[in-house]
S.K.: 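One structure, as structure tokens, below. Some questions next.
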Amino acid sequence: MALDELKSAVPDFAKDLKLNLGSVIGNSDLPQQQLWGTVLACAIASRSPKVLRELEPEAKANLSAEAYTAAKSAAAVMAMNNVFYRTRHLLSDPEYGTLRAGLRMNVIGNPGMEKIDFELWSLAVSAINGCGQCLDSHEQVLRKAGVDRETIQEAVKIASVIQAVGVTLDAEAVLAE
């Protein structure tokens with residue numbers, strides 16, 4: 001199992017990450033599609049080759065072809081949106097908020113599978129990329145659709161652990177050179 005290989009790669013000084021990785025993925029209450037779509041989108045967003053290489057095969061095995069593509073689409077479109085909307089939010093001139101974005105993001109409206117799962121994956125990627133405006137937007141859509149706070153927090157926990165594991169493993173790889 002790739003998850004076990006990834007956990008074994010985490011150094012002893014980051015034991016908490018190893019334990020958290022096992023619990024947020026291995027003991028998640030999320031349905032398989034929500035879980036593995038979140039894992040895949042976050043592994044991509046983490047920008048860690050090792051994390052993506054280890055988690056992608058299991059994600060692919062646990063997702064339909066449509067969900068697999070949609071999870072990758074969520075990571076891709078949020079990579080763009082998180083930079084754009086975070087920048088607009090951080091600029092002190094409020095006029096930027098009134099300008100038309102002019103960026104294509106059709107996949108958000110039609111991800112090719114359950115929109116709620118796509119929104120959850122977009123929220124998790126937005127947590128990694130640190131876009132408060134996108135986090136608020138996706139959280140509101142999820143809450144209006146009846147998704148509970150525990151589910152949303154579960155996706156954020158997965159995002160935080162995958163990101164931390166990626167940072168740790170990539171730093172160790174650099175230090176080992």
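From a predicted model like this one, the values you see are computed outputs, not experimental measurements.
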S.K.: Contact between Phe118 and Ser73 at the side-chain level, heavy atoms closer than 4.5 Å - yes or no?
M.R.: yes
S.K.: Supply the atom-to-atom distance Gln163 CD to Ser48 OG, rounded to the nearest 0.5 angstrom.
M.R.: 8.5 Å
S.K.: Would Ile25 and Val10 show up in the same hydrophobic cluster when neighbours are defined by side-chain heavy atoms closer than 4.5 Å?
M.R.: yes
S.K.: To the nearest 0.5 Å, what is the distance between NZ (Lys157) and CD (Glu150)?
M.R.: 10.0 Å
S.K.: So, do Glu56 and Tyr68 sit near enough that their side-chain heavy atoms are less than 4.5 Å apart?
M.R.: yes
S.K.: Among the clusters formed by ILVMFWY side chains lying less than 4.5 Å apart, do Val77 and Ile44 turn up in the same one?
M.R.: no
S.K.: Check whether any side-chain heavy atom of Tyr96 sits under 4.5 Å from a side-chain heavy atom of Thr87, and report yes or no.
M.R.: no
S.K.: Take Glu154 and Gln34 through the test side-chain contact (heavy atoms from CB on, under 4.5 Å) and record every step on the way to the result.
M.R.: CA-CA 10 Å; Glu154 189 74 19; Gln34 286 184 352; over 6 Å; no
S.K.: Ignoring hydrogens, what is the shortest heavy-atom contact between Met80 and Arg104? Give both atom names and the distance.
M.R.: CE-O, 3.3 Å
S.K.: List the steps, then state whether side-chain contact (heavy atoms from CB on, under 4.5 Å) holds for Leu55 with Leu40.
M.R.: CA-CA 7 Å; Leu55 294 177; Leu40 179 59; over 6 Å; no
S.K.: Between Asn82, Leu135, Asn81, which is the residue that forms a side-chain contact (heavy atoms from CB on, under 4.5 Å) with Asn129?
M.R.: Asn82
S.K.: Are the side chains of Ile158 and Leu35 in touch, meaning some heavy atoms are under 4.5 Å apart?
M.R.: yes
S.K.: Spell out, as yes or no, whether a donor-acceptor pair under 3.5 Å connects the side chain of Ser126 to the backbone of Ser122.
M.R.: yes
S.K.: Apply side-chain contact (heavy atoms from CB on, under 4.5 Å) to the pair Thr151 and Leu142, showing each step before the final yes or no.
M.R.: CA-CA 10 Å; Thr151 297; Leu142 289 164; over 6 Å; no
S.K.: Would you mind reporting whether Ile108 and Lys115 have side-chain heavy atoms less than 4.5 Å apart?
M.R.: yes
S.K.: So which heavy atom on Arg88 is nearest to which on Leu99, and how close?
M.R.: NH1-O, 2.8 Å
S.K.: Is Met78 close to Ile128 at the side-chain level, that is, under 4.5 Å between some pair of heavy atoms?
M.R.: no
S.K.: Determine, stepwise, if the pair Leu175 / Glu172 fulfils side-chain contact (heavy atoms from CB on, under 4.5 Å).
M.R.: CA-CA 5 Å; Leu175 293 173; Glu172 286 298 290; 3.8 Å; yes
S.K.: Should Val24 and Leu63 be counted in the same cluster of Ile, Leu, Val, Met, Phe, Trp and Tyr side chains packed under 4.5 Å apart?
M.R.: yes
S.K.: Can you check whether Leu17 reaches Pro11 side chain to side chain, under 4.5 Å on heavy atoms?
M.R.: no
S.K.: Val107 and Tyr85: same hydrophobic cluster, using ILVMFWY side-chain contacts below 4.5 Å?
M.R.: yes
S.K.: Testing the basics here: between Ala74 and Trp121, what is the closest heavy-atom pair and its distance to 0.1 Å?
M.R.: CB-CB, 4.0 Å
S.K.: Could you tell me whether Arg47 atom CZ has more than 12 heavy atoms of other residues or ligands within 6.0 Å of it?
M.R.: no
S.K.: Trp36, Met113: one ILVMFWY side-chain cluster at the under-4.5 Å cut-off?
M.R.: no
